[in-house]
Amino acid sequence: MEKSDVGFGIVGAGMIAGIHAMAIDAIAGASLRGVYSRGRTKSAAFATKYGCTAFQTLEEMLSRPDIDIVCICTPSGMHHDLVIKSIEAGKHCLIEKPLEVTLEKCNHIINAAADAGVIAAVVFPSRFYENSRLLKNSIADKKFGDLVIGSAYVKWNRTPEYYKSSPWRGTWELDGGGALMNQGIHSVDLLQWYMGPVESVHAYAANAKHKGIEVEDTVVATLKFANGALGTIECSTAVFPGSLKRIEIMGTGGTAILEESSFLKWEFLQMTDEDKQMINPVPPGSVVQGGASNPADISYFGHQRQIEDLIHSIASGSTPFIDAFEGRKSVEIVLAIYESARTGQSIRLPL
C-alpha cells in the first residue's frame, strides 16, 4: 500500500470519530471513504459533514477494497467483535483507547491480528507530543539518574448529564470502568511507558459525586514498579472545575513535571543551556485543549501523528509505535487497580 492511496473507514459517528475524521483529512494522501454506525441518522449526518459514504451495514463497508484501515470509535466494550470482523476482512485497525475492557478480549485481538497478518494499533495520542518523547528519551539516557517516584494525576470534571448522555456511559459492560478506564488511561499509559512495568498496586475507589453510575468516579492507587521505584495515580471526574492532566517523574538526578504537553518543571543536577529553555508553561489567557471539564476540548494533532505512524508501518512492514500488545499494558494496570479496590488487597502483575 502506498501512502498516496490510503483509504479509511470509521466505525462510530460520535465526537471521537470526528477527531479521527479531522486527523485523516489533515494527512496528504489519506482519505476517509466511509462510516458505519448503528444510528443511521447520526452516520448520515457524519457522512455529510466529513464527505464520505454512510454504509448501512459493517459488512458493506468492510467489503470495500479501497478501505485499508478501519478506525474503531465505539464504546470500549464493543471493540472486540468489530475489530475481529475487520481483521477477518483483511483490514488494519486503529482502535480507540482502551483496546478492550478484559484481558481475554485484548489477547484475542492481538492473536487474531497476528494470525491474519494485519496491524491492530491502539490510540494513545499523548505519546506523540514532542515533550512526551523528550521525557521518554531523557529517562532512557539516564538523565534522571535512578527513578524514584512516578505519578499521574487526572482530576477532571464531568457533569451528571455527561453520564446520562449515552446508556453505555458509566457501565462495566461497555465503559469497562469509570474515571480511570475512560479518562485516566491515557496517563496510565504514559506513566508505565516512562517508569517501566508495574509489579504491584494497592488502590481505593469511590463514587464521590456520580452516585447513579455502576463504576467509580474517583480512584487513588499506589504502585510499585519492577525497577524498584514507587508511584501514585489519582483520577477523578468528580472535582470542580477540573485541572489539566499532569505527570511527575522524579529521580536521583532530576525532576520533570509535564502538564498536558508543557513542562512546568525540568531540573537536573547537571543542567545544560538547552535544559534551561525547556520550561514552557501555557501563557495566561491561552486556550489549552485538555478535556479537563469538557470532553470535546481535545486536539486531533496526536491522532494525526499516530495515523501517520500507522500508515508508515503498513507501508514498511514495521511494527507501529503503539500496537495492540503495547495497548494491552495499560488495560492490565487499570484492571489490577480495580481488583485491588474491590478486594482491599494489593494485587501483583501480571494478572
Side-chain angles (χ1 to χ4, degrees), residues 16 19 72-73 76 79 93-103 105-107 109-110 120-137 139-140 147 150-156 175-199 201 203 219 221 223 225-227 229 231-237 244-249 256-261 290-292 295 298-299 301-303 305-307 309-310 319-338 349-351:
I16 200 66
I19 296 293
I72 306 296
C73 302
S76 306
H79 289 175
C93 293
L94 181 60
I95 307 157
E96 264 299 329
K97 59 76 188 170
L99 174 57
E100 246 290 353
V101 300
T102 72
L103 291 182
K105 290 182 177 180
C106 290
N107 293 340
I109 290 171
I110 292 168
V122 181
V123 175
F124 281 115
S126 295
R127 286 207 209 180
F128 288 84
Y129 284 86
E130 181 179 350
N131 282 347
S132 299
R133 294 195 174 200
L134 173 62
L135 179 51
K136 172 65 173 177
N137 292 336
I139 292 171
L147 295 176
S151 300
Y153 304 102
V154 185
K155 301 174 185 181
W156 286 1
D175 222 354
L180 189 60
M181 183 68 89
N182 197 316
Q183 284 78 21
I185 198 166
H186 289 287
S187 294
V188 174
D189 173 69
L190 280 179
L191 188 63
Q192 66 83 28
W193 188 45
Y194 295 142
M195 298 296 294
V198 174
E199 183 177 291
V201 303
V219 63
L223 298 83
F225 296 94
N227 59 13
T232 59
I233 295 173
E234 297 179 18
C235 185
S236 182
T237 55
L244 299 176
K245 69 176 185 284
R246 190 169 82 251
I247 297 282
E248 297 182 358
I249 304 297
I257 299 177
L258 183 65
E259 186 177 79
E260 292 296 337
S261 59
I298 59 174
S299 166
F301 173 84
H303 283 74
R305 293 292 178 262
Q306 183 152 14
I307 291 170
D309 173 74
L310 177 57
T319 300
F321 187 38
I322 310 173
D323 62 3
F325 180 80
E326 191 70 12
R328 179 190 185 278
K329 294 178 180 179
S330 55
V331 176
E332 183 176 42
I333 296 168
V334 169
L335 293 178
I337 289 172
Y338 284 159
L349 288 83
L351 295 178

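Closest heavy-atom contact between S76 and P98: OG-CD, 3.1 Å. Closest non-hydrogen pair, L349 versus A336, comes out as CD1-CB, 3.7 Å. Taking each heavy atom of H186 and S126 in turn, the nearest pair found is CB-OG, 4.4 Å. Residues I337 and V201 share a closest heavy-atom pair of N-CG2, 3.8 Å. In plain terms, the two heavy atoms of F325 and I110 that are nearest each other are CA-CD1, 3.7 Å. Nearest heavy atom pair, residue G327 against residue V331, reads O-CG2, 3.9 Å.
With contacts defined as side-chain heavy-atom distances shorter than 4.5 Å, the pair H303/F128 does not qualify. Side-chain atoms of M195 and I249, non-hydrogen and from C-beta on, do get closer than 4.5 Å to each other. The side-chain heavy atoms of E332 and L103, taken from C-beta on, include a pair separated by under 4.5 Å. Looking at heavy atoms from C-beta onward, Y194 lies out of side-chain contact with L147 at the 4.5 angstrom threshold. Between R328 and N107, the closest side-chain pair of non-hydrogen atoms falls below 4.5 Å. In this structure, I19 and I16 have side chains that are in contact, with non-hydrogen atoms separated by less than 4.5 Å.
R127 meets the salt bridge (Lys or Arg N to Asp or Glu O under 4.0 Å) test with D189, E326; sequence neighbours excluded. Residues forming a salt bridge (Lys or Arg N to Asp or Glu O under 4.0 Å) with K105 (at least two apart in sequence, or on another chain): none. In this structure, the side-chain contact (heavy atoms from CB on, under 4.5 Å) partners of S187, at least two apart in sequence or on a different chain, are A152, V154, K245, I247. For S132, there are no side chain to side chain donor-acceptor pair (under 3.5 Å) partners at least two apart in sequence or on another chain. Legend: residues meeting ring pair (Phe, Tyr, Trp, His ring centres under 6.0 Å) with Y129, ordered by chain and number and at least two apart, are F301. Applying the ring pair (Phe, Tyr, Trp, His ring centres under 6.0 Å) test to Y153 and every residue at least two apart in sequence or in another chain returns nothing.
Side chain of D309 to backbone of P320: no donor-acceptor contact under 3.5 angstrom is found. A donor-acceptor contact shorter than 3.5 Å is absent between the side chain of H79 and the backbone of E100. Remark: side-chain polar atoms of K155 are not paired, donor with acceptor, to backbone N or O of E234 under 3.5 angstrom. Side chain of K97 to main chain of N182: a donor-acceptor pair is present (N/O by atom type, distance under 3.5 Å, no hydrogens or angles). Under the 3.5 Å distance criterion, the side-chain polar atoms of E259 are left unmatched by any main-chain donor or acceptor of L244. Looking only at distances, a side-chain donor or acceptor of Q306 sits under 3.5 Å from a matching main-chain atom of F124.
T232 contributes atom OG1, which lies 8.0 Å from atom CG of L191 (distance to the nearest 0.5 angstrom). Atom CG in L99 sits 9.5 Å away from atom CG in D323 (nearest 0.5 Å). Considering CH2 of W193 and CG of L190, their distance stands at 7.0 Å, rounded to 0.5 Å. Atom CD1 of I333 and atom CD of Q192 lie 5.0 Å apart (nearest 0.5 Å). Here the CG-CD1 distance, from L94 to I307, works out to 6.0 Å after rounding to the nearest 0.5 Å. Note that the CG atom of L258 and the CG atom of L135 stand 6.5 Å from one another [nearest 0.5 Å].
A cation-pi arrangement is absent between R305 and F321, since the terminal nitrogen or guanidinium carbon is not both under 6.0 Å from the aromatic centre and inside a 45° cone about the axis.
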